[in-house]
Protein chains: 2
Amino acid sequence: MDDSADVKAPEAHDGAAPLRRLALFEVVAEQLREMVLEGELLPGSRISEKRLCESFEVSRTPLREALKVLANEGLVELLPNRGAKVTEVDPREVADLFEVMVELEALSGQLLAQRAGDAQIEELRALHRQMLEHYRRQERVEYFRLNQRIHRRLAEISGNGVLLELETALNLKITRARYAANMQLGRWDESAREHEAILEALERRDGEALARAMRDHMRKTGDAVLEGLAAR
Amino acid sequence: MDDSADVKAPEAHDGAAPLRRLALFEVVAEQLREMVLEGELLPGSRISEKRLCESFEVSRTPLREALKVLANEGLVELLPNRGAKVTEVDPREVADLFEVMVELEALSGQLLAQRAGDAQIEELRALHRQMLEHYRRQERVEYFRLNQRIHRRLAEISGNGVLLELETALNLKITRARYAANMQLGRWDESAREHEAILEALERRDGEALARAMRDHMRKTGDAVLEGLAAR
DNA sequence: ATACTGTATTTTGAATTCAAAATTCAAAGC
DNA sequence: GCTTTGAATTTTGAATTCAAAATACAGTAT
C-alpha cells in the first residue's frame, strides 16, 4: 500500500531459485515469535488483535493465521472467543522438556558417530574453535549464536530429519525458558569444556561416549536453566 | 454415509471441566486429519479450497486456518500462491520417525517404572486383558483401537507432558504410514506377546527391562511398517 | 454499600469481497 | 509440427464486512 520494499526474488532465468517470497502470515509469525521469545510480549499477557494489527500494519486475517502457527508451537494459547494469550513458562514443563531433549541429544550422538563424514567433523571442529575464540574474547552474543549454530549443525549432520525438526521445535521453548530465567549464556566455562568433550568423542567416532557427552551437556544445561527459573 | 456425530465430547476425566464449544476451524481440521490419515485424500494430491469448502459447507476462512494446522502437523504442505497438497508418505521419513519414536518409547518406559502407581498398573493390565480378548475374538478394529489407547495411556502415565505431546504427534504420522502400507493391524500375535512383556516388566517395575521391551516393540512395529511400505 | 440484571460497547469468529498471482488455452511465429 | 506469447479464467492472498459472543458498565433492588 505504501513504500514498503517488496521482497521478491531477482528475476532469474536460471533454474535453482528456491527462494520464495514468503506469505504475510509467515512474516508476522516470525516477528511474533521473536517478540515472545525475547519477552517483549510478557508470559500470561492477553494479546489484543487490534493493537497488534495496528503495530504490524496488517489486517486481522494474516495476524490470526500467524497466531495459529504460534499456538501450534506452544508459544501462545488460543482461548475460544476470548482471544490469545502468551503461554506461561511453567518450570514443570521446562523440566519435562529437558527430560526429553536429553534423550534426543543422546540419539543425535549415536547417529553422528555412525554418519558424520570427515569433512563434517572438521567443519564442526572449526565452528568449535571459532566459538572458543568468542569465549576467549568474552563476546557473549556471538558465542551464544555460534553455540546455537553448532547444536543445529549437529542435529543436521545426524541425518534424521524428524530428529532435526523436533530438536528445533523444542529448542524454541528452551530458548524462551532461558530468556525467562535470564540465562541466555550462563555456564560459559563449563559449557565450553563439555563442548570439547563432545568434539573429542565425535572425532574418535565413539558413539557411546558421544551420546553420553551430549546427554550430559544437555542435562547440565537443563539443571542450570531450572535453577535460574526457580531463583526468579 | 459417514459418521459425523463424533465431533465433540472431548469431555472426560478429572475435575475442572474446561467444556468449551470448539471453533469451526478445529472441527474442519479434525475432519481433514481423518481424511488424510485414512487415505481419503491421496498423498500428493492437490487440495482445491473451493471443492473442500463446498463439501464441508464452510467458507474459505476456517478451511484455510485448518489447513495451517494440518501443515504444522506435517500432513499437508502449503505451497505459496499455489494452494495445498497432501504430503507424500516418504519411507525415508518414516524410518526417521521410528528411529526417534523408539527412543521416546524407551524414555517412557524408564519413567513409567519410576512413576506408575499400583492402580495405574492394574488399569493397564485390565486394558491389556481386554485387548487380548479382542485378539482372541479376532475383532480387528476394536483390537487396534485398544492398542492405540494403551499406548496413549502409557505415555500419559509416564507423567511427562512434552513426551505425551510428541508421541501423539509422531503417532499421527505413524498411523498414516500404516494406512499407506495397509498395515493397520499386522503382526497380531507377535505384537500381543510384546505387549505381555511390557506389562510384565512394568509390574516388576524394572525400568531397564521395560525400556528395552518398549523399544523392542516399537522397533519391530517400525520394521513391519517399512516392509509394508517397500512392498507397495 | 453490595449484588444482580439488563443494556451498550468491544472483541472475536466467520463470510464475503477485492486484488494479485498462477494456470489455462488458443493463436502466432519459427 | 513445435514452441512461445499473451489474454481469459481460475485460484489464492489479504482486507473488509457482518454476526455472535464476551466484557464493561450503569441502574436498580435488596
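We use all heavy atoms of the structure for the numbers below, so side chains are in, but hydrogens, waters and symmetry mates are not. All values reported here derive from a predicted model rather than from experimental measurement. Numbers restart at 1 for each chain; the letters A, B, ... are given by sequence-line order, proteins then strands.
- Taking the side chain of B:E49 as heavy atoms from C-beta on, and the options D:dG13, D:dT11, D:dA14, the nearest nucleotide is D:dG13.
- Look at CG on B:L52: it is 14 Å from C1' on D:dT11, rounded to the nearest Å.
- Remark: A:E105 does not engage A:R219 in a salt bridge, criterion side-chain N to carboxylate O under 4.0 Å.
- One interatomic measurement links the two molecules: CZ of A:R51 to C1' of C:dT11, which rounds to 14 Å at whole-angstrom precision.
- Under the 3.5 Å distance criterion, with hydrogens and angles disregarded, no donor-acceptor pair is assigned to the side chains of B:S158 and B:R115.
- The side chain of B:P62 approaches C:dA15 more closely than any other nucleotide in the set D:dA22, C:dA15, D:dT12.
- Of the N and O atoms on the side chains of B:H195 and B:N147, at least one donor lies less than 3.5 Å from an acceptor on the other residue.
- When rounded to the nearest whole Å, the span between CG of A:L78 and P of C:dA14 equals 11 Å.
- The interatomic distance linking A:R46 (CZ) with C:dT10 (C1') rounds to 11 Å, in whole Å.
- Here B:L63 lies out of heavy-atom contact (under 4.0 Å) with every strand.
- Looking at residues 64-76 of chain A, you'll see A:R64 sit with a heavy atom under 4.0 Å from some atom of DNA chain C.
- Rounded to whole Å, atom C1' of C:dA22 lies 18 Å from atom CD1 of B:I47.
- The A:R82 side chain lies nearest to D:dA22 when the options are D:dA22, D:dT12, C:dT16.
- In this structure, the side chains of B:E139 and B:M131 stay at 4.5 Å or more apart for every pair of heavy atoms.
- A:E77 places its CD atom 15 Å from the P atom of C:dT12, with the value rounded to the nearest Å.
- Of all nucleotides listed (C:dT16, D:dA14, C:dG13), C:dT16 comes nearest to the side chain of B:S59.
- Picking from D:dG13, C:dT11, C:dG13 the nucleotide with the shortest atom distance to the side chain of B:R60 gives D:dG13.
- Counting only residues at least two apart or in different chains, salt bridge (Lys or Arg N to Asp or Glu O under 4.0 Å) contacts with residues 75-89 of chain B are absent.
- In summary, A:E65 and A:K68 do not engage in a salt bridge, as defined by a charged side-chain N under 4.0 Å from a carboxylate O.
- When each of B:T61 and A:G83 is assigned the nucleotide of DNA chain C with its nearest heavy atom, A:G83 is the one assigned upstream, toward the 5' end.
- Sorted by first and then second residue, the salt bridge (Lys or Arg N to Asp or Glu O under 4.0 Å) pairs with a member in residues 35-46 of chain B form an empty list; sequence neighbours excluded.
- As rounded to whole Å, 6 Å separates atom P of C:dG13 from atom CG of A:N81.
- The separation between B:L79 atom CG and D:dG13 atom P is 9 Å, rounded to whole Å.
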